[in-house]
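Contents: one structure, followed by commentary.
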Amino acid sequence: MDIVGAGPAGLVLALLLARRGRSVRVFERRPDPRRAHPEGGRSINLALAARGMRVLRAADALDALREFCVPMPGRMLHVDGNQQFIAYGQRADETLYSISRATLHEQLTRSAATVVNIELNFGQRCLGLQSCNAGLLRMRDEVSGREYELRSEFIIGADGAGSALRDGLCAAGALQVREERLAHGYQEFTIPAQDGRHVWPPQALHIWPRGSFMLIALPNNDGSFTATLFLPEQGRDSFASLAAEPHALRALFEREFPDASALMPQLEAEALAHPPSSLGTVYCEPWQAPGRVLLLGDAAHAIVPFHGQGMNCALEDCLLFDELLGTGNDFAAAAAQFEERRRPDTDAIAQMALENYLEMRDSVRDPLWQRRKALALELEQRFPARFIPRYSMVMFHAEIGYADALRRGAVQQAILEELTTGDAIDWTRAARLVTERLAPVSAPAY
Ligand code: FAD
């Protein structure tokens, strides 16, 4: 089996498949992360949640990552010069973990490199499909520039949101792709450590919600934070308006995020070195060329980052495909079942990720939102088998599929709205609504 892309999905799938004794070759366009730092010294981080942790554990890769993870049990809102901590959940294990993307790649690569039946090939770019029927890939060695053909029995496309394999299959008419670009982009900055320590409490994902835009910051284990500015691409307070005026970025930070601005001396230099990037959702159908190629992770269904689930979802893909394939050799059947089982869940998380942007940048400031959030946690305490806040289902309950989380979340939202029409909560009514409308959470789908 050949995997194109040694990102989180490609490497973890290789580890899972190899555990069953399967031989796997991985082809990655970038240099070996054990020797090169891909982000030029910057630390770009990701939030790891229960779904990702479960898969990393199954791949025997979690223990090596633990020391690099910074726990984030809640959000810290920066509003009107104050900081307000809001816990994500109510159990000690309801915690997200911030981890540097570069460290994750490096450690997963180290884990894969110790497995004899995994062959890692860096600096090898897939240019597309030469022949789908014959399983021929067009490849290029990025150091020598030499182009060559690679024959493969079965190919997994784990080459990310801009997948060359997906483009190749699309050009051959084997699948259709729709990319919905968001009208907002993002830009990443560093908030350096002071005297080797974090400038704010590190046990939180810091958010500056400002209505039509926001800043977030995730802690790194070297004492710094990585801040991400999400902003409209056009209009007032947009990346276009910032680009038009040299001091506009600093002025925006001083006006909207003064506590952060004071700690970011490199703001302008970083903005020049790392321009804004766009965001979007990739809808692709089907995900496979029967019997030959299967796309998974971002290559199949890239989503916007506002639920912090893209990687977690990509890792879950790997676990499901590995379970469906088992020790057998019917790749076509496993790929077909994978697509049938997985698509409702990836469609659901794509939708929830878009919805969560509004929540993060705007709703969190709303007293009614905060009241309903507190009520949801109270309902969870009283009816733990039936009422679990949607955010918690997505982030902390790997046993509940995304599609179920979306469906149950809609029922729960209606209950919260009905119960918060007056000042006091009618707990008798609450008990009746919850037991009538929400069945106990059922066993995991996979
Ligand atoms: P990728 O991580 O994109 O890996 C693809 C790999 O394939 C790369 O190594 C690439 O170099 C390689 N490749 C690409 N093209 C080729 C080619 N032609 N030939 C050979 N190799 C190739 N997700 C979370 O779960 N939590 C978060 O907090 C989070 N935050 C995010 C913040 C931002 C700003 C963004 C943009 C995304 C965020 N995500 C987050 C999403 C997450 O980054 C992705 O969902 C995840 O990386 C997908 O993993 P993947 O392995 O499918 O693809």
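As the structure is a computational prediction, the values presented were derived from the model and not from experiment. In each ligand, atom 1 is the first atom listed, and ligand 1 is the first ligand listed.
Residues Asp141 and Gln124 have side chains that bring a donor and an acceptor to within less than 3.5 angstrom of each other. Counting only N and O atoms by type, the side chains of Thr190 and Glu270 include a donor and acceptor under 3.5 Å apart. Side chains of Arg20 and Asn117: a donor-acceptor N/O pair is absent below 3.5 angstrom, by distance only. Side chains of Gln351 and Glu355: a donor on one and an acceptor on the other come within 3.5 Å. Using a 3.5 Å distance cut-off with no hydrogens or angles, the side chains of Gln309 and Tyr402 do pair a donor with an acceptor.
The distance from ligand 1 to the heavy atoms of Val4 drops below 4.0 Å at these ligand atoms: 19 (N), 20 (C). Which parts of ligand 1 touch Arg125 is read off a 4.0 Å heavy-atom cut-off, strictly below it: atoms 18 (N), 19 (N). Those atoms of ligand 1 with a heavy atom of Arg101 less than 4.0 angstrom away are 37 (C), 38 (C), 43 (O), 47 (O). Atoms of ligand 1 lying under 4.0 Å from any heavy atom of Ala47, numbered from 1 in the order shown and given with element: 24 (C), 25 (O), 26 (N), 27 (C), 28 (O). Distances below 4.0 Å separate heavy atoms of Ala158 from the following atoms of ligand 1: 5 (C), 6 (C), 7 (O). Of all the atoms in ligand 1, the ones that sit under 4.0 Å from a non-hydrogen atom of Asn312 are 24 (C), 25 (O). Of all atoms in ligand 1, numbered sequentially from 1 with element shown, those under 4.0 Å from a heavy atom of Gly297 are 52 (O). Near Phe27, with a cut-off below 4.0 Å to any heavy atom, the atoms of ligand 1 are 20 (C), 21 (N).
With a heavy-atom cut-off of 4.0 Å, Arg30 touches ligand 1 through its side chain alone. Proximity of Ala164 to ligand 1, defined as any heavy-atom pair under 4.0 Å, is confined to the side chain (atoms from C-beta onward). In Gln124, the part holding a heavy atom less than 4.0 Å from any atom of ligand 1 is the backbone. Under 4.0 Å from ligand 1, heavy atoms of Ala9 appear from its side chain as well as its backbone. Contact annotation for Leu127 and ligand 1: no heavy atom of the residue comes within less than 4.0 Å of the ligand. The proximity of Tyr186 to ligand 1, defined as any non-hydrogen pair under 4.0 Å, is limited to the side chain.
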Q: For Trp369 and Asp362, run side chain to side chain donor-acceptor pair (under 3.5 Å): C-alpha distance rounded to whole Å, both residues' side-chain angles, the deciding distance at 0.1 Å, then the answer.
A: CA-CA 10 Å; Trp369 180 91; Asp362 201 10; over 6 Å; no
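The aromatic rings of Phe154 and Phe331 lie parallel to each other, with less than 30° between the two planes, well short of the 60° mark.
Residue contacts with ligand 1: Cys126 is placed with a nitrogen or oxygen under 3.5 Å of a nitrogen or oxygen of the ligand (distance criterion only). The N/O atoms of Thr228, backbone and side chain alike, include none that comes under 3.5 Å of an N/O atom in ligand 1. Where the criterion is an N or O separation shorter than 3.5 Å, residue side chain and backbone included, Arg29 meets it with respect to ligand 1.
Counting non-hydrogen atoms of other residues, nucleotides and ligands closer than 6.0 Å to CZ of Arg255 gives a total above 12. Within a 6.0 Å radius of CD in Gln413, more than 12 heavy atoms belonging to other residues, nucleotides or ligands are found. More than 12 heavy atoms of other residues, nucleotides or ligands shown are found within 6.0 angstrom of CD on Glu180.
The protein heavy atom nearest to atom 42 (C) of ligand 1 is Met311 N, 3.8 Å. In terms of protein heavy-atom proximity, atom 52 (O) of ligand 1 is nearest to Asp298 N, 2.9 Å. Protein heavy atom nearest atom 33 (C) of ligand 1, with residue, atom name and distance: Pro305 CB, 3.7 Å. Residue, atom and distance of the protein heavy atom nearest to atom 12 (C) of ligand 1 are Glu28 OE1, 3.1 Å. Closest to atom 14 (C) of ligand 1, if we only count protein heavy atoms, is Asp159 O, 3.2 Å. If you check which protein heavy atom lies closest to atom 3 (O) of ligand 1, you get Gly160 CA, 3.5 Å. Scanning the protein heavy atoms around atom 29 (C) of ligand 1, the nearest turns out to be Leu46 CD2, 3.3 Å.
Side-chain rings of Phe189 and Phe257 stay apart, their centers remaining 6.0 Å or farther from each other. Aromatic ring centres of His184 and Phe239 lie farther apart than the 6.0 Å criterion allows.
Note: Arg343 CZ to Phe338 CZ = 9.5 Å, rounded to the nearest 0.5 Å.
Geometrically, Arg361 engages Tyr357 in a cation-pi contact defined by less than 6.0 Å to the ring centre and at most 45° from the axis.
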